[in-house]
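Remarks on the structure that follows.
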There are 2 protein chains.
Amino acid sequence: MQNDKAGVSAQDVAERAGVSRSAVSRAFTPGASVSAATRERIMKAAAELGYHVNHLARGLVRNRSGIVCLIVSEIATPYRASLVRWLTQFLQEAGKVAMLINTDRSDNSVSAALLQAINFRADASIILSGMPDRTITRQCYQHGQRIILINRDEALPGSLSIHLDAQAAATTAVRAFQRAGCRHLAFANSLAGTPSLIKREAAFVQAAEQAGLMVSVERFGTTSYESGQILAHRLLTRAQRPDAVFCVTDLVACGFMDEARHRFQLRVPDDLCLIGYDNIAQASWSSYSLTTFAQPVEQFARDAVNWLQQKEQAENGLTPQHEQQHDTLVYQADVVWRGSVRGG
Amino acid sequence: MQNDKAGVSAQDVAERAGVSRSAVSRAFTPGASVSAATRERIMKAAAELGYHVNHLARGLVRNRSGIVCLIVSEIATPYRASLVRWLTQFLQEAGKVAMLINTDRSDNSVSAALLQAINFRADASIILSGMPDRTITRQCYQHGQRIILINRDEALPGSLSIHLDAQAAATTAVRAFQRAGCRHLAFANSLAGTPSLIKREAAFVQAAEQAGLMVSVERFGTTSYESGQILAHRLLTRAQRPDAVFCVTDLVACGFMDEARHRFQLRVPDDLCLIGYDNIAQASWSSYSLTTFAQPVEQFARDAVNWLQQKEQAENGLTPQHEQQHDTLVYQADVVWRGSVRGG
DNA sequence: TTGTATGCGTTATCAA
DNA sequence: TTGATAACGCATACAA
């Protein structure tokens, strides 16, 4: 209020409250030993002066900033956006704060992002896209920075890896197409080459072949609506037109469905059965009513943050063990039956 | 590499390179005076030791962290997500980093977010949702923290306010409906009560009345797809069913259109003309082909970051003027003609 | 161009 | 419970 210099420090508050600056520090540290009386006097002085703990200084001395880096490409994509949404929410509830770093999917832009995380002494980094260089992750580890990989299908020492089992979804999809009486299956993939997308394709092809069904694969471009349109064009103009398509992503499936309907005048699910993956909001929109597999996004986020807190408590505890081990969490993607498959 | 303690500091690098620690500091400060030779020796030593500048310490002494807070609710929404995407990208290109803070739209959760920004001595906060308490923004100002308001329709001293002119879009929409021969207009709004959404409605109603056209208004729930469905139900069951609806948002428009088509068997644009706002990706999807007004999101983000950089340069310069003034940028939302209005 | 000395705001250790 | 003091890692004013 009455102070117009930028910095009002614990010192100023201490003087006003008639205590030492360490008392002020303790007053703002949860669980520190301060008498209720002095604490109140300090808080009053702090409010009057407009004092706010400097997390930069606190982080410096504690060697831990409370920052968690979210490393992600294509944030505007529905699935990514919802993952970011849950992560930031749970991080905040855990008293941490999210730092968002955009990458272009290239592995060295991910490495650069991780360097930023080191610069800010982030408590952890959560990687949603790409894979960083090993030398960088080593440095993160040395700096005590945790790493969480979501849908990365890889494991780093001391890290947590969360991903989905591709097999169950593939089997479920094939059975559904079988029940619908489909004869010629196809998988519509992008060229992104992400491990999880590759596995999704491989698992589906394998399941289809085991069921003795014909299966075509087409790959194109990025994992987007537009690619879905192109993929529809390529698959639906084949001599052997598929009557059931598993799209690597809901976004692709939406593009595929729109093109199939509006360009090829096909009816879904009568002429063509379609299944997607992710369960983005648009999949439930009545124009699509897309049968899909739901990634438990909220659960991912909750588990990531819980694991982080757990690790931190263990660190504060009496177990300074050298944990070269890594943790892995594997989930099933739950099928969401809607109208894009006959007899669903 | 050979160092296994967490912290490798400028001191360590200095010793290895055989220079003083200030030399190391200068080597990592752009535009500082270091000879190429020593600089190289320092960089080599730094790489070998795995040294990374501690931005916490740097921010502490410079009283500027390089952090910019993005304060936003409902990040997973297409329009918000794309705004966040561009902001983070441009911030990174400007050498800054985005801190993402989720709010629940309530004004005091926005205030809490702003407090976080103060804690981390953020260079600036960009507010995309809600309005914080004045006493908080005052404190931000005192801490030298810039504030940027996007679509907030308010002005704070020393801040930048970016928003859209609601009038032009309203006039264009009414004219389009007029050309299409529509007789009964309607505006489908949410109950969010955001200033920009309110203005959008008021401007449309005014423009319609000026054109001598009947206009109904319906408001419901959040600004979402689901609300669009409800709004369709309410408007399309009225005795005087509207034949042209301006939806406050594309998301609302998608829900409205789906409900109109699939529940009421109406054809768009033959039976019903529809216009949205935002130009989210889904508006261009062929199931919707929605005529809409494009918010220049990328431009918003670019301008916000440019303004920030400009202010910082001015600060470094010789003009320590007390700028109680605020800046305002007003844009037009460009109409994107698609298939949801007859004769568009 | 380089080195020395000082301070940034905080927490942690130790005595009282 | 409280206060004094020493780090934390860095940038910079100043002197060389």
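Here is the naming used below: chain letters follow the sequence lines, and residue numbers restart at 1 for every chain.
Rounded to a whole Å, the CZ atom of A:R64 is 15 Å from the C1' atom of D:dC8. Atom NE2 in B:H52 sits roughly 11 Å away from atom P in D:dC10 (whole-Å rounding). Atom CD1 in B:I42 sits about 13 Å away from atom P in C:dT1, given to the nearest Å. Distance B:L56 CG to D:dG9 C1': 10 Å, rounded to the nearest Å. Atoms CG (B:D12) and P (D:dG9) sit 8 Å apart, rounded to a whole Å. Rounded to an integer number of Å, the gap from CG of B:N63 to P of D:dC10 is 18 Å. To the nearest angstrom, P of D:dT1 lies 15 Å from CZ of A:R41. One interatomic measurement links the two molecules: CG of B:L60 to P of C:dT10, which rounds to 9 Å at whole-angstrom precision.
Of the N and O atoms on the side chains of B:R80 and B:S129, at least one donor lies less than 3.5 Å from an acceptor on the other residue. A donor-acceptor contact closer than 3.5 angstrom links the side chains of B:S125 and B:Q145. Defined by atom type and a distance below 3.5 Å, a donor-acceptor pair is present between the side-chain atoms of B:T38 and B:S35. For A:S22 and A:S20, the side-chain atoms include at least one donor-acceptor pair closer than 3.5 Å.
Across all strands, A:S35 comes closer than 4.0 Å only to sugar-phosphate atoms, never to a base (heavy-atom distances). At a threshold of 4.0 angstrom between heavy atoms, the contacts of B:H55 with the nucleic acid are absent.
Ion pair B:R134/B:E154 flagged as a salt bridge, since at least one NZ, NE, NH1 or NH2 atom sits closer than 4.0 Å to an Asp/Glu carboxylate oxygen. Taking a cutoff of 4.0 Å between a charged side-chain nitrogen and a carboxylate oxygen, A:K44 and A:E40 do not qualify as a salt bridge.
For the pairing with B:I127, the side-chain contact (heavy atoms from CB on, under 4.5 Å) check across B:N151, B:I148, B:I147 returns one residue only, B:I147.
Within residues 117-125 of chain B, no residue has a heavy atom under 4.0 Å from DNA chain C.
Residues B:P157 and B:H326 fail the side-chain proximity criterion, which asks for heavy atoms closer than 4.5 Å.
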Treat primed atoms plus P, OP1 and OP2 as sugar-phosphate and everything else as base, then score nucleotides 11-16 of chain C 5' to 3': B for base contact with protein heavy atoms under 4.0 Å, S for sugar-phosphate contact only, - for none. BB----
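Taking only side-chain nitrogens and oxygens, B:S9 never comes nearer than 4.0 Å to OP1 or OP2 of D:dG9. Between B:S33 and the phosphate of C:dT1, there is a side-chain N or O to OP1/OP2 separation shorter than 4.0 Å.
Sorted by first and then second residue, the pairs that involve residues 93-104 of chain A and meet side chain to side chain donor-acceptor pair (under 3.5 Å), not counting sequence neighbours, are A:Q89-A:E93, A:K96-A:D123, A:K96-A:E312, A:N102-B:T88, A:D104-A:S106, A:D104-A:S109.
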